[in-house]
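Worksheet for the structure shown next.
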Amino acid sequence: MAKKDYSQLADEIVANVGGKENVKSLIHCATRLRFRLNDQSKANKEVLEDLPMVLTAVSAGGQYQVVIGDEVVPVYEAIMNRYGFSATDSKSAAGQEDKAEEAKSENWFERFVAVISGIFTPFISVLAGVGVLKGVAILISTFHWLPANSPIYLIINTLASGVFTLLPIFIAITAADKFNTNRYIAVALAAAMIYPLTDAQIPEVAHLWGYAVDFKTYGGAVIPTILAIWLESHIERWFKKQLPAVMQLVFVPFLTLVVAGLLTFLIIGPLGTAIGTGLAYGYKFLYDLSPLIAGGILGATFQIFVIFGLHWGILPISLINIQAYGYDTLLAVMMVAVAGQFGAVTGSIFRAKKLKNREIAISAAISGFFGITEPAIYGINLKYKKAFIFGLVGGALGGATVSAAGVKCFSYTPIMNIFEMPLFIGRDSSIVWAIIGFVVAFLSALLLVLVFGFNESNTEKLFAKVTSGKKSLTEKKTAKLGLNVKDEAAASTAAEESEQPAVNVSGLTLAETVYSPVAGHPVPLSQVDDPVFSSGAMGSGVGVLPSKGTCVSPVDGEITVAFPTGHAYGIKSDNGVEVLIHIGINTVELKGKHFDPKIETGAKVKKGDLLTTFEPDKIKEAGYDPTTMVIVTNTNNYEAVVPKLDQGAATDQPLIQVYSK
């Protein structure tokens with residue numbers, strides 16, 4: 001079969017965005033060409049939309065976007081082969097002036113979306129691909145298709161997980177292009193942020209003149225990495241101006257890494273983490289006010305953001321949610337919003353009177369099945385606005401369904417389709433309700449189009465003039481979360497768990513008994529007021545409300561981590577079970593006050609050996625919750641981890657039983 005020639009289309013697109021001289025840069029995402037133009041008024045929208053394969057053209061996020069659909073990659077390659085446009089704006093003085101002028105004409109949200117889009121879109125396909133891989137790994141693990149130590153399973157899971165742990169590397173490459181800085185210096189800085197995760201000798205937190213420096217918090221970090229590379233770009237340019245050319249080869253990278261590295265670990269990293277945590281808490285606060293209403297609104301509006309490419313201003317919240325809580329609820333709503341448009345365009349296949357529209361609908365439905373909705377939106381649904389509205393209705397109903405059911409996603413992917421369904425398998429989530437939500441969104445939109453049609457006439461396009469008068473966004477402030485604040489759903493879950501439903505361990509071998517490290521009252525982990533622990537992201541375990549200030553080893557083994565602050569210990573038992581003891585919530589901020597550690601990393605311990613003493617009452621007086629978390633961090637290596645919640649905890653009583661085959 002002869003290879004399709006895209007050269008004529010490439011020439012026509014470039015000519016109608018104002019010509020070669022009007023293009024500053026060009027990138028692409030899953031469906032659209034994203035031009036940065038010197039003058040957007042020179043683009044000819046009407047001619048562009050009449051070109052074969054061009055679905056529409058929109059101006060959004062500081063970019064002029066030409067929507068192609070499934071064949072965007074070969075079209076992009078044809079343009080780049082013929083014109084060699086840069087993926088970033090010019091680094092010249094004129095280019096900097098253009099950027100300054102452009103910044104004046106864009107609001108802060110447009111600039112933010114343009115940056116995020118430029119950073120993530122180059123590797124969007126990789127994120128989508130590893131999302132499917134992660135789904136396969138979850139299915140293998142959940143249904144025990146392969147043993148947990150099977151090389152095939154380990155390879156698949158490693159391929160699926162590596163990208164997200166090393167995400168700062170990917171971000172560094174594209175952010176370096178976006179911020180006009182040296183890629184390799186940026187990658188070196190990102191690698192330094194990740195490296196502590198690979199070295200057990202590096203503590204999670206170290207102290208510099210009493211200031212706590214975090215080292216193991218940047219695996220998969222989004223905002224800290226973006227801020228770090230932005231800072232590094234300015235530092236690199238400053239040193240280039242100050243140093244003579246003969247010294248720049250060695251000393252620009254050296255001085256840039258030293259200065260940017262110190263500022264990243266001491267200031268920028270913690271600031272970025274705080275911003276990300278604030279976004280996650282803010283989203284969760286608003287969502288938890290009413291999941292049903294929030295899901296309905298998000299489901300109804302998400303595809304509107306997609307029209308203008310503004311969804312990139314929202315999607316990073318999903319990544320941050322997964323890092324903060326171990327799960328995300330936004331991706332489930334995104335999936336059903338896609339299903340709504342997919343259902344609407346599928347209905348259009350049967351109601352279309354024009355052969356051309358039926359052919360477009362069939363092609364768009366195939367793309368919709370794989371999670372790409374732009375061909376459906378621009379080819380049929382938005383063109384005949386009733387179909388688009390029906391798709392939004394489907395998204396709203398599906399969003400309300402999955403949100404009310406508490407569906408969660410446990411791994412990130414930017415493109416949601418049925419192949420990603422296994423990502424919804426996990427604690428306190430239900431793949432069944434995810435499927436139900438998808439079906440509700442799809443069928444409701446499909447049936448609405450079948451019953452009412454979609455006005456197959458040359459009606460004016462919905463939102464065609466929206467970009468001519470942009471509305472400002474309303475800023476929302478979120479409430480500060482206090483100690484012991486629980487929503488109704490969490491309380492219900494805790495109540496159910498407190499009854500300790502029986503776990504069938506017949507045929508399993510008791511691998512380890514973990515005794516309580518502190519005396520007190522055991523509670524289900526879901527009652528703990530720290531989302532990282534209560535979500536089960538760290539592993540299964542128990543919370544203990546301490547009645548005394550003595551913490552002892554719950555097993556025989558070796559201390560793998562002993563924080564100098566005395567608030568947390570990692571222990572690997574002689575039987576291979578890895579136990580984390582974390583005394584209090586956010587007590588690392590006490591910097592060792594009210595703790596008296598008695599043991600160091602590497603020490604051999606027996607059950608009952610003293611680890612630390614602490615003062616629960618004074619911890620409370622300082623405004624911290626002293627609840628002690630006891631977590632089996634390698635839970636996935638075992639068949640069952642069973643809490644013992646039916647009795648008060650003493651340091652000589654079993655708290656958790658771990659079973660293997």
Side-chain angles (χ1 to χ4, degrees), residues 200 203-205 216 511-530 532-616 619 624-635 638 641-645 648-658:
E204 183 174 344
V205 178
K216 299 194 175 184
E512 185 73 78
T513 296
V514 180
Y515 290 80
S516 181
V518 297
H521 177 67
V523 296
L525 198 60
S526 61
Q527 280 189 280
V528 172
D529 295 318
D530 186 311
V532 174
F533 292 114
S534 63
S535 67
M538 298 291 294
S540 298
V542 179
V544 181
L545 305 177
S547 59
K548 297 181 180 179
T550 301
C551 179
V552 301
S553 176
V555 293
D556 296 343
E558 180 180 349
I559 303 294
T560 55
V561 177
F563 281 84
T565 53
H567 79 288
Y569 295 86
I571 307 172
K572 185 172 184 179
S573 79
D574 292 341
N575 294 318
V577 174
E578 297 174 4
V579 181
L580 170 67
I581 303 168
H582 196 288
I583 303 170
I585 297 173
N586 295 326
T587 45
V588 66
E589 297 173 2
L590 291 172
K591 300 178 180 178
K593 191 175 181 181
H594 309 311
F595 290 89
D596 186 12
K598 304 294 184 182
I599 206 160
E600 296 180 350
T601 300
K604 297 288 186 179
V605 291
K606 294 290 185 181
K607 181 180 75 70
D609 286 353
L610 182 63
L611 302 181
T612 187
T613 58
F614 60 101
E615 300 174 283
I619 291 173
Y624 294 86
D625 186 338
T627 300
T628 298
M629 281 64 68
V630 186
I631 311 290
V632 176
T633 55
N634 59 343
T635 290
Y638 297 94
V641 176
V642 183
K644 308 293 288 184
L645 302 173
T651 53
D652 59 349
Q653 289 181 326
L655 187 66
I656 302 170
Q657 291 182 322
V658 183

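Nothing fancy with the numbering, it's 1 onward along the sequence.
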*salt bridge (charged side-chain N to carboxylate O under 4.0 Å, His left out) between D609 and K607: does it pass, once the steps are laid out?*
CA-CA 6 Å; D609 286 353; K607 181 180 75 70; over 6 Å; no
*Are P517 and L655 side-chain neighbours, meaning at least one heavy-atom pair lies under 4.5 Å?*
yes
*With D556, which residues qualify under side-chain hydrogen bond (donor to acceptor under 3.5 Å, both in side chains), at least two apart?*
none
_Candidate pair T565 and T587, rule side chain to side chain contact (heavy atoms under 4.5 Å, CB included), full reasoning_ = CA-CA 9 Å; T565 53; T587 45; over 6 Å; no
*Do I585 and M629 come close enough that some side-chain heavy atom pair is under 4.5 Å?*
yes
*Could you go through the salt bridge (charged side-chain N to carboxylate O under 4.0 Å, His left out) check for E204 and K216 one step at a time?*
CA-CA 5 Å; E204 183 174 344; K216 299 194 175 184; over 6 Å; no
*Check whether any side-chain heavy atom of T550 lies under 4.5 Å from a side-chain heavy atom of F614, and answer yes or no.*
no
*Measuring from I583:CD1 to H567:NE2, what's the distance to the nearest 0.5 Å?*
8.5 Å
*Is the closest side-chain heavy-atom distance between I631 and L525 below 4.5 Å?*
yes
*Check: V528 main-chain N/O paired with T627 side-chain donor or acceptor under 3.5 Å*: no
*Going through the distances and angles, do I656 and V630 end up as a side chain to side chain contact (heavy atoms under 4.5 Å, CB included)?*
CA-CA 9 Å; I656 302 170; V630 186; 4.1 Å; yes
_Side chains of V561 and I559 in contact at under 4.5 Å (non-hydrogen atoms)_ = no
*Can any side-chain N or O of T633 pair as donor or acceptor with the backbone N or O of G539 at less than 3.5 Å?*
no
_Quick one: does any side-chain atom of N634 pair with a main-chain N or O of E578 as donor and acceptor, under 3.5 Å?_
yes
*Considering non-hydrogen atoms only, spot the tightest contact between V641 and V632 and give its length.*
CG1-CG2, 4.0 Å
*Sequence neighbours left out, what passes ring-ring contact (aromatic ring centres under 6.0 Å, His included) with H594? Give chain and number order.*
none
*Do I571 and P554 come close enough that some side-chain heavy atom pair is under 4.5 Å?*
yes
*Go through V588 and V205 one step at a time and tell me if the side chain to side chain contact (heavy atoms under 4.5 Å, CB included) criterion holds.*
CA-CA 9 Å; V588 66; V205 178; 4.3 Å; yes
*For the residue pair G566 and P597, what are the closest heavy atoms and their distance?*
CA-CB, 3.9 Å
*Provide the closest heavy-atom pair for K548 versus P616 in the form atom of the first, atom of the second, distance.*
O-CG, 3.9 Å
_Gap separating the OG1 atom of T628 from the NE2 atom of H582, nearest 0.5 angstrom_ = 9.5 Å
*Is there a donor in the side chain of Q653 and an acceptor in the side chain of S516, or the other way round, less than 3.5 Å apart?*
no
*Quick one: closest heavy-atom pair of E600 and A562, and the distance?*
C-CB, 3.8 Å
*Does any non-hydrogen side-chain atom of Y624 lie less than 4.5 Å from one of L590?*
yes
*Test side chain to side chain contact (heavy atoms under 4.5 Å, CB included) on I599 and Y569 and set out the steps.*
CA-CA 10 Å; I599 206 160; Y569 295 86; 3.8 Å; yes
*asked:* Let me confirm one number: the CD1-OG distance from I581 to S553, rounded to the nearest 0.5 Å.
replied: 6.5 Å
*Shortest non-hydrogen contact from A511 to N575?*
O-ND2, 3.4 Å
*Contact summary for V542 and V523, nearest pair of heavy atoms*: CG1-O, 3.4 Å
_Does K572 have more than 12 heavy atoms from other residues, nucleotides or ligands lying within 6.0 Å of its NZ?_
no
*For S534 and Q527, indicate whether the former's side chain and the latter's backbone hold a donor-acceptor pair under 3.5 Å.*
no
